[in-house]
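This report concerns only the one structure given below.
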Amino acid sequence: MNWDIIGQQLWNGLLSGSIYVIFAAGLSLVFGVMRVINMAHGELTMLGAMLLYTVTKLVGLGYFAGAALVVVVMAMAGFLVNRVTVRPFLGRSELVVILSTVALSFMLLNGSLVVWGSTPKGVDEPFNEIVKLGGVYITTAGLLLVGVCFTAVLALYLMLTRTKLGKKTRATGQNLLGARLIGINTTAVYDTTLIMASGLAALAGVLIVLVSTASPNLGQPLLITGFAVVIVAGMGNVAGAVAVGLFLGVTEALFGQFISTYYRQGYLYVVMIIVLLLRPQGLFGRK
Amino acid sequence: MLEISSLNVAYGRVQVLFDVSISVGQGELVTVIGANGAGKTTLLLTVSGVLRSIGGEITFDGDRIDRLRPHEIVGMGLGHVPQGKELFPAMTVLENLEMGAHLVKEQDEYQHRLARAFDFFPRLSERARQRAGTLSGGEQQMLAIARALMGNPRLLLLDEPSAGLAPIIVDQLAEIILDMNEQGLTVLLVEQNAFLALEIAKKAYVMESGLVVESGDTAVVRKSDLVRRAYLGI
């Protein structure tokens, strides 16, 4: 057994797992609070990456300034996502909301292909030394990615459990009518939920470019993976999504190394199907 | 304090309330009784702005509220304890109460309200750290009322507080409702349990199929043929 290879794959798994975590956290937040499956979540991440490419390469901002700008702008765009594609359709069949977010997803994807073309674009990392730790090669840009992901998820957790806004958000997710009857402005809660989720999605996008390239096609596969994470964890369970995201990222990398690179994508679906068969509510889901 | 006049409400094309007029004066305890499906819950949900009327008027302290949104109406001093309790099941009892007072900024005022809620429902202080979803039915009902009280309402709408509770708990609740009313809280109580409602309220309305069919002082209403036959069985 070659421990260096295992170590390297654990690191690679941690990188993709961190992205899954932050991506799935936003997806899970929207479902948990609004019972809305946001099919455009992957495209919001993609836009984060593509906009970062634009403001760094074409406008000339540095990585950190560009990333901060993109995340803030995308967070604000979350307000529009709610008002244009979600809110008008709430109270009708859940299918209608799914379809309207699918429509948004297609518009963003195809619009981006028109604007940026389908060739992957590289973004310059702020720093990228390679550190050799034992036999494992670790990049400083990768460390930044992992660090920011976990800081963001921790911040989300503290926000939801410690602040009044967070508690109102959880209350609205647990009982919409109850929240309205004690005077919580649930429309504002829905707005901020999509603002936060959209910001988190864009944050995933600006982090992905630290270890990969930006391309209009990166959103779709990420959405599928995100669903696998959210479904295995239990819909709407943000903390569960963190554990499962990491677990799937790491085991997927090990699977690719030791079993089959070819069936690597299939691995996630197999896990998802097994979990759904044995525990349809997900590993951490209730009911 | 609350004036409902000629209220009409419909779900889609099906009208469920027809020209309902109800008046609740400052400090009164008024009840609306009626069978399942008479439109009592619809009435309360329309008052608190969750449902929209198709005609008529609702005023609260002289201000029209029938076009406002629930959080605006609650902000004016209305509390609503809904039929299904509608608690936040994964939050603790304390967090549920905290949510009831979410508009309160001053810590002193919050502590004051919390103390008062625990005063009415000592049981809840024992269960403060427990998740609301793990409480018994009676405790959940108490929490639902306490959560509404945390908003310091001037008018409290109570929707079937006795539903599904053991008779001894119902008696306790009746005591507490009377107590709250004596301390100056105006109450509009909706009940299927006519015995309970007619015993504690001073004024009663009887609803059937979306219409008010009888109204007046409880002493009078209790003696009417309709109520004796249909609700009291005597």
Side-chain angles (χ1 to χ4, degrees), chain A residues 28-29 31-35 82-83 87-88 90-93 96 156-193 233-241 281-287, chain B residues 11-12 41 44-45 47-52 68-92 94-105 107 110 131-134 140 143-153 156-159:
Chain A
S28 198
L29 179 71
F31 184 81
V33 176
M34 308 170 67
R35 299 292 176 279
N82 184 31
R83 293 304 175 108
R87 190 158 178 250
L90 287 175
R92 302 194 203 173
S93 154
V96 179
L156 176 68
Y157 173 78
L158 291 176
M159 202 287 289
L160 287 174
T161 52
R162 304 287 159 84
T163 69
K164 195 173 256 186
L165 174 67
K167 286 181 183 178
K168 287 195 317 198
T169 305
R170 278 163 56 222
T172 303
Q174 286 174 31
N175 196 321
L176 180 63
L177 179 58
R180 297 179 75 190
L181 291 181
I182 57 167
I184 291 175
N185 182 350
T186 53
T187 304
V189 168
Y190 279 12
D191 284 337
T192 49
T193 298
M235 298 291 278
N237 186 321
V238 178
Q281 72 273 44
L283 293 180
F284 303 100
R286 288 201 201 93
K287 266 192 291 201
Chain B
Y11 292 110
T41 295
L44 293 194
L45 287 174
V47 172
S48 49
V50 172
L51 297 175
R52 282 263 177 275
L68 299 182
R69 299 196 296 159
H71 69 95
E72 295 167 326
I73 298 172
V74 172
M76 293 168 70
L78 182 117
H80 186 157
V81 182
Q83 193 174 20
K85 303 171 197 96
E86 313 293 346
L87 298 171
F88 309 124
M91 291 178 133
T92 63
L94 197 61
E95 282 179 311
N96 269 272
L97 294 173
E98 193 188 327
M99 283 294 97
H102 70 95
L103 291 169
V104 178
K105 299 235 158 31
Q107 190 60 25
Y110 169 69
R131 281 183 179 207
T134 65
Q140 290 199 5
L143 179 55
I145 297 174
R147 184 180 66 177
L149 283 183
M150 290 296 285
N152 204 20
L156 187 66
L157 311 180
L158 284 171
D159 198 347

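Excluded from the calculations below are hydrogen atoms, water molecules and symmetry mates; all remaining heavy atoms, backbone and side chain alike, are included. Note on naming: letters A, B, ... go to the chains in the order of the sequence lines (proteins, then strands), and numbering restarts at 1 for each one.
Residues A:I182 and B:V74 form no side-chain contact, since every pair of their non-hydrogen atoms from C-beta on lies 4.5 Å or further apart. In this structure, the side chains of A:L181 and B:V81 stay at 4.5 Å or more apart for every pair of heavy atoms.
For chain A, the nearby part of B:A101 is the backbone; its heavy atoms alone come within less than 4.5 Å.
For the options B:I73, B:L87, B:L103, heavy-atom pairs under 4.5 Å to chain A are most numerous at B:L87.
Judged purely by atom type and a 3.5 angstrom limit, A:K164 uses its side chain to pair as donor or acceptor with the backbone of B:H102.
Rounding to the nearest 0.5 Å places CD of B:E98 at 3.5 Å from NZ of A:K167. We find the CG-CD distance between B:N96 and A:Q174 to be 7.5 Å, quoted to the nearest 0.5 Å.
Shown here is A:Y157, whose OH atom has no more than 12 heavy atoms of other residues, nucleotides or ligands within 6.0 Å.
When all heavy atoms of A:A171 and B:M99 are compared, the pair lying nearest together is CB-SD, 4.0 Å. Nearest approach of A:R180 to B:G49, heavy atoms of both residues: NH2-O, 4.4 Å.
Residues passing the side chain to side chain contact (heavy atoms under 4.5 Å, CB included) test with B:P153 are B:L156, B:L185, sequence neighbours excluded.
For residues 68-90 of chain B, the side chain to side chain donor-acceptor pair (under 3.5 Å) pairs, not counting sequence neighbours, are A:N175-B:E86, A:N185-B:H71, A:T187-B:R69, B:T41-B:Q83, B:S48-B:H80, B:R69-B:H71.
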